[in-house]
Amino acid sequence: MEEITAYTDGSAIGNPGPGGWGFVVLTGKHVYEGGGDAAHTTNNRMEMTASLMVLRSCKPKTTLTIKTDSQYVINGITKWVFGWEKNGWQTKEKKEVLNKDIWQELLTEVRKHTVTWEHVRGHEGVSLNERVDVIANGFARKEKVTLFKGDEKEYKEFLKTM
């Protein structure tokens with residue numbers, strides 16, 4: 001079975017403000033990147049969107065590892081969502097869960113796959129975490145972002161030009 005690893009990141013300039021998200025998916029032989037933007041959003045929403053979009057890009061029943069620098073995403077999807085779902089998407093204080101719409105979508109997608117979540121320290125020189133940061137921030141700033149899709153060997157050369 002093919003091992004799939006994805007790196008994700010999100011950004012909001014001003015938080016809230018214009019936002020962007022990005023991902024890199026490695027399938028063993030192939031690599032593809034994705035990204036997008038939102039006019040007015042938060043960093044957390046963009047972090048969640050990046051993971052959501054990775055999951056949507058995978059075939060059902062995919063086994064993958066998602067690496068992110070967002071503890072919010074990891075804790076939310078591995079711990080908090082189950083209590084929120086059980087309590088009708090309300091917090092212990094009986095308030096609606098922030099970002100409920102994306103949490104619900106993310107949980108639906110996670111249930112279609114086997115997902116392992118790993119925390120990666122941000123801005124610590126992890127090359128693919130730095131790459132998704134560039135993608136997310138580029139989209140947030142409305143810059144032209146060149147996304148890669150192709151062979152893993154070609155990707156290494158591509159990254160040297162970035």
Side-chain angles (χ1 to χ4, degrees), residues 2-28 30-91 95-123 126 128-143 145-149:
E2 193 172 55
E3 285 189 37
I4 295 177
T5 301
Y7 287 78
T8 64
D9 200 18
S11 173
I13 310 302
N15 199 29
W21 56 269
F23 67 71
V24 174
V25 174
L26 303 105
T27 66
H30 301 289
V31 178
Y32 63 96
E33 298 180 334
D37 62 31
H40 188 77
T41 190
T42 64
N43 188 55
N44 283 340
R45 288 185 70 82
M46 293 293 91
E47 294 276 5
M48 295 166 67
T49 299
S51 294
L52 177 62
M53 297 314 241
V54 163
L55 293 166
R56 285 185 177 165
S57 77
C58 294
K59 295 176 188 172
K61 299 184 180 177
T62 297
T63 299
L64 70 155
T65 300
I66 297 179
K67 298 185 179 199
T68 177
D69 60 14
S70 174
Q71 291 282 11
Y72 177 72
V73 170
I74 293 172
N75 287 326
I77 201 62
T78 64
K79 299 175 188 173
W80 306 333
V81 290
F82 307 109
W84 294 334
E85 184 180 43
K86 183 179 169 185
N87 294 327
W89 294 95
Q90 291 187 345
T91 65
K95 295 180 181 176
E96 186 171 296
V97 170
L98 290 176
N99 303 312
K100 170 183 145 183
D101 58 331
I102 299 179
W103 283 123
Q104 289 173 323
E105 291 179 60
L106 193 55
L107 186 57
T108 297
E109 291 300 319
V110 163
R111 287 178 168 154
K112 295 176 185 177
H113 305 285
T114 301
V115 184
T116 301
W117 298 87
E118 288 185 15
H119 182 255
V120 178
R121 292 178 61 110
H123 311 290
V126 177
L128 294 180
N129 190 60
E130 299 294 338
R131 174 64 185 151
V132 293
D133 182 71
V134 167
I135 295 169
N137 277 294
F139 275 101
R141 297 180 192 286
K142 305 285 190 228
E143 298 170 352
V145 179
T146 302
L147 298 174
F148 180 88
K149 183 177 182 180

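- When all heavy atoms are compared, the tightest approach of Gly20 to Ala140 is N-CB, 3.5 Å.
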_side chain to side chain contact (heavy atoms under 4.5 Å, CB included) between Thr41 and Thr49, intermediate numbers included_ = CA-CA 11 Å; Thr41 190; Thr49 299; over 6 Å; no

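- One finds the CD1 atom of Ile66 at 10.0 Å from the OG1 atom of Thr5 (value rounded to the nearest 0.5 Å).
- With contacts defined as side-chain heavy-atom distances shorter than 4.5 Å, the pair Leu147/Tyr32 does not qualify.
- A parallel orientation is assigned to the rings of Phe23 and Trp21, their planes being inclined by less than 30° (bins at 30° and 60°).
- Glu33 places a side-chain N or O within donor-acceptor distance of the main-chain N or O of Phe148, the cut-off being under 3.5 Å.
- The shortest side-chain heavy-atom distance between Lys59 and Ile4 does not fall under the 4.5 Å cut-off.
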- Under the side chain to side chain contact (heavy atoms under 4.5 Å, CB included) criterion, do Arg45 and Ile102 qualify, and how do the steps go? CA-CA 7 Å; Arg45 288 185 70 82; Ile102 299 179; 3.4 Å; yes

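- Listed by chain and residue number, nothing satisfies the ring-ring contact (aromatic ring centres under 6.0 Å, His included) test with Trp117 (two or more places apart in sequence, or in another chain).
- When all heavy atoms are compared, the tightest approach of Leu64 to Cys58 is CD1-SG, 4.1 Å.
- Shortest non-hydrogen contact noted between Thr42 and Pro16 is CG2-CB, 4.1 Å.
- The two residues Leu98 and Tyr72 have their closest heavy-atom pair at O-OH, 3.9 Å.
- Between Val31 and Val24, the shortest heavy-atom distance links the atoms CG1-CG1, 3.9 Å.
- Residue Leu26 holds its CG atom at 5.5 Å from CG of Leu128, rounded to the nearest 0.5 Å.
- The environment of NZ in Lys149 is sparse: at most 12 heavy-atom neighbours from other residues, nucleotides or ligands sit within 6.0 Å.
- The two residues Ser51 and Thr8 make their nearest non-hydrogen contact at OG-OG1, 3.5 Å.
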Stepwise side chain to side chain contact (heavy atoms under 4.5 Å, CB included) test for Glu143 and Asn137: CA-CA 8 Å; Glu143 298 170 352; Asn137 277 294; over 6 Å; no

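- Note that NZ of Lys95 is 16.0 Å distant from NZ of Lys100, once rounded to the nearest 0.5 Å.
- Proximity of Arg121 to His119: side-chain heavy atoms (C-beta onward) are separated by under 4.5 Å at one or more points.
- Atom CE of residue Met46 and atom CG of residue Leu52 lie 10.0 Å apart, to the nearest 0.5 angstrom.
- A donor-acceptor distance shorter than 3.5 angstrom exists from the side chain of His113 to the backbone of Leu55, with no hydrogens or angles considered.
- Looking at heavy atoms from C-beta onward, Arg56 lies in side-chain contact with Glu105 at the 4.5 angstrom threshold.
- Without hydrogens or angle criteria, Asn43 side chain to Asn15 main chain gives no donor-acceptor distance under 3.5 Å.
- The line from CD of Glu96 to OG1 of Thr91 is 10.0 Å long, rounded to the nearest 0.5 Å.
- The side-chain heavy atoms of Tyr7 and Ile135, taken from C-beta on, include no pair separated by under 4.5 Å.
- If you take CG on Asp69 and CG on Asp9, they are separated by 4.5 Å, rounding to the nearest 0.5 Å.
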